[in-house]
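In this text the structure is predicted, and so the values were computed from the model without any measurement.
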Amino acid sequence: MAELRLIKPFNLPLLLVLSLHSFFLIHSANSEIFFEERFDDGWKSRWVLSDWKRSEGKAGTFKHTAGNWAGDPNDKGIQTYNDAKHYAISAKIPEFSNRDRILVVQYSIKLEQDIECGGGYIKLHSGYVNQKKYGGDTPYSLMFGPDICGTQTKKLHVIVSYQGQTYPIKKDIQCETDKLTHFYTFILRPDASYSILIDNRERETGSLYTDWDILPPQKIKAVKAKKPADWDDREYIDDPNAVKPEGYDSIPVEIPDPKAKKPADWDDEDDGMWKPKKIPNPAYKGPWKRKKIKNPNYKGKWKTPWIDNPDFEDDPDLYVMKPIKYVGIEVWQVKAGSVYDNILICDDPQYAREVVDEIWAKNREIEKDAFEEAEKIRRAREDEEGKKSKDDGERRKSKRRPRRHDPYDYLDDDYHIYELVLGRGKARETILETTKSKFKMQPKRNDES
């Protein structure tokens, strides 16, 4: 694999403007990747990561490439290369702590393949990592990024570690599933609030306290609470000033049908007194009811109140991760082809936005056009292959020898059973004579003389 190093993507004046914070940027350009650390007075130190170290126990290999339909072919990342493999690769970075500062984790990924089932996330690790044995059992502080499997699982993982346990976010956040480059950004603040951005658009926000089951909830429902006796939850009531119209109750429900006529052959003495049939009275409005009005004493629907959870014990360092020392990619993929690039760890959300604008926003239309052109070529090739396959099938079909007419086909199953058992030849002649005699068949067989 080509040597991978880190470099800053912007010019120095811009970096000086943004030099109030410190962070690390892993970025590739011109086939090389450098790693730089920025301090309050500007960029001071540069380290070269000799390369990302691939775990010796994992079969999946990586290519150093920008992949297909790239917006900038010189902006290369690392791409999963083998189908149905487990990938594990990591890079050591200078130690970084998010205590009393914002943590920003950002990277780009392009899922060029029809991934079917596989991960596209990254991990941050604290403490020592044996990079030769790096894998799924290696403890991590943060796991962040997309995971796709079939049509059901298209989620964005955000899993954090706290006191040796890992906790996934409770919200269902959808990831991108097309074949273009997308930037994923996770921002964690000292007040334990967070934001998740995809391509600089905020997709989710909340708090470690509420969106992860790390600590017991701060508030719980008072299950023993009861609705107060004087609680009025009737939104509407009968109008106490409403008066029933005079004669309302005397209106009959049904009335004789005015269109009914006595039959001509009706005899009152024999048939009894004729009465017209009844029909619903259009003047009848049903039982009288008072009209409804807004209840002036309405207090709303009573709900069980929330109270302080006696089991909750706050941890002001809930947001603090152990110092980060490694960045890793550890995924399983049925189909390979994911291009990882532009990994950023910093404390400046604004700078992270500028990285996206500088790299992604500038190249997205170029990449989209290149992808659409590649799709046209792919579809044309598939159409051509489909047409060729159909033509080959037609040619094979036309070359098949036609089935020779068997003059014995008109004979019944008895004949064919004899033929199957005894075969053809002399036995056939005997069977033929027997069968012809049995059924007195005409006309004479062509093969008889």
Side-chain angles (χ1 to χ4, degrees), residues 6 21-26 35-40 45 47 49 52-55 88-107 119 121-145 147 156-170 184-197 204-216 218 312-331 340 343-349 351-352:
L6 304 186
H21 305 274
S22 62
F23 57 82
F24 316 118
L25 174 64
I26 301 175
F35 177 89
E36 298 198 354
E37 182 176 12
R38 188 179 64 183
F39 295 92
D40 288 347
S45 303
W47 295 270
L49 280 101
W52 287 66
K53 295 183 179 179
R54 188 166 68 91
S55 175
I89 192 170
S90 59
K92 187 174 183 180
I93 63 175
E95 188 172 305
F96 180 90
S97 174
N98 71 318
R99 179 178 292 278
D100 299 326
R101 63 203 297 194
I102 297 173
L103 171 66
V104 180
V105 179
Q106 178 175 280
Y107 74 105
Y121 39 80
I122 66 171
K123 294 180 177 180
L124 301 185
H125 301 270
S126 304
Y128 172 73
V129 171
N130 185 341
Q131 292 180 268
K132 292 183 179 181
K133 297 182 178 180
Y134 177 61
D137 296 331
T138 305
Y140 60 85
S141 296
L142 175 69
M143 175 173 148
F144 173 58
D147 187 15
L156 184 63
H157 282 298
V158 190
I159 305 176
V160 299
S161 176
Y162 179 76
Q163 296 183 357
Q165 297 290 325
T166 55
Y167 299 88
I169 191 170
K170 296 187 290 184
Y184 290 89
T185 309
F186 176 67
I187 302 172
L188 181 61
R189 306 176 186 88
D191 63 356
S193 66
Y194 73 93
S195 294
I196 295 172
L197 289 74
E204 197 58 69
T205 186
S207 171
L208 287 176
Y209 287 102
T210 57
D211 295 343
W212 283 261
D213 287 328
I214 302 174
L215 299 178
Q218 293 174 281
F312 173 76
E313 183 177 347
D314 191 17
D315 181 358
D317 290 339
L318 180 64
Y319 75 98
V320 179
M321 297 183 182
K322 293 181 179 179
I324 299 163
K325 299 181 180 180
Y326 296 86
V327 178
I329 299 169
E330 186 276 314
V331 295
Y340 285 85
I343 300 174
L344 172 67
I345 303 170
C346 72
D347 59 4
D348 188 345
Y351 181 76

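- With a 4.5 Å cut-off on side-chain heavy atoms, I214 and V160 count as touching.
- Not counting sequence neighbours, the partners of Y162 by the side chain to side chain donor-acceptor pair (under 3.5 Å) test are D315.
- Partners of D191 according to the salt bridge (Lys or Arg N to Asp or Glu O under 4.0 Å) rule, which considers only residues two or more places apart in sequence or in another chain, do not exist here.
- Taking the centre of each ring, Y121 and F144 stay at or above the 6.0 Å mark.
- Under the ring-ring contact (aromatic ring centres under 6.0 Å, His included) criterion, Y134 pairs with H125, sequence neighbours left out.
- Under the rule for a ring-ring contact (aromatic ring centres under 6.0 Å, His included), Y140 has no partner lying at least two apart in sequence or in another chain.
- When atom types are taken as modelled, the side chain of D317 and the backbone of V320 share no donor-acceptor pair closer than 3.5 angstrom.
- Partners of Y319 according to the ring-ring contact (aromatic ring centres under 6.0 Å, His included) rule, which considers only residues two or more places apart in sequence or in another chain, do not exist here.
- A search for side chain to side chain donor-acceptor pair (under 3.5 Å) contacts involving R189 returns S193, S195, not counting sequence neighbours.
- Scored by the ring-ring contact (aromatic ring centres under 6.0 Å, His included) test, Y209 finds no partners at all (sequence neighbours excluded).
- Contact between L215 and F312 at its shortest, heavy atoms only, is CD1-CE1, 4.0 Å.
- Looking at residues two or more places apart in sequence or on another chain, you find a salt bridge (Lys or Arg N to Asp or Glu O under 4.0 Å) between D213 and K170.
- In terms of heavy-atom proximity, I187 sits nearest to P349 at CD1-CB, 3.9 Å.
- At least one donor-acceptor pair under 3.5 Å links the side chain of Q106 to the backbone N or O of A352.
- D211 pairs by the salt bridge (Lys or Arg N to Asp or Glu O under 4.0 Å) definition with K171, not counting sequence neighbours.
- Considering only residues two or more places apart in sequence or on other chains, S161 meets the side chain to side chain donor-acceptor pair (under 3.5 Å) condition with none of them.
- The distance from the CD1 atom of I196 to the CG atom of L156 is 5.5 Å, given to the nearest 0.5 Å.
- When every heavy atom of D147 is checked against every heavy atom of H157, the shortest pair comes out as OD2-NE2, 3.0 Å.
- Distance alone, capped at 3.5 Å, is enough to place a donor-acceptor pair between the Q131 side chain and the S90 backbone.
- Closest non-hydrogen pair, S126 versus K322, comes out as OG-O, 2.7 Å.
- With sequence neighbours excluded, no residue forms a side chain to side chain donor-acceptor pair (under 3.5 Å) with N130.
- Contacts classified as salt bridge (charged side-chain N to carboxylate O under 4.0 Å, His left out) and involving residues 129-141 (residues at least two apart or in different chains) are not found.
- Not one N or O on the side chain of W212 forms a donor-acceptor pair closer than 3.5 Å with the backbone of S207.
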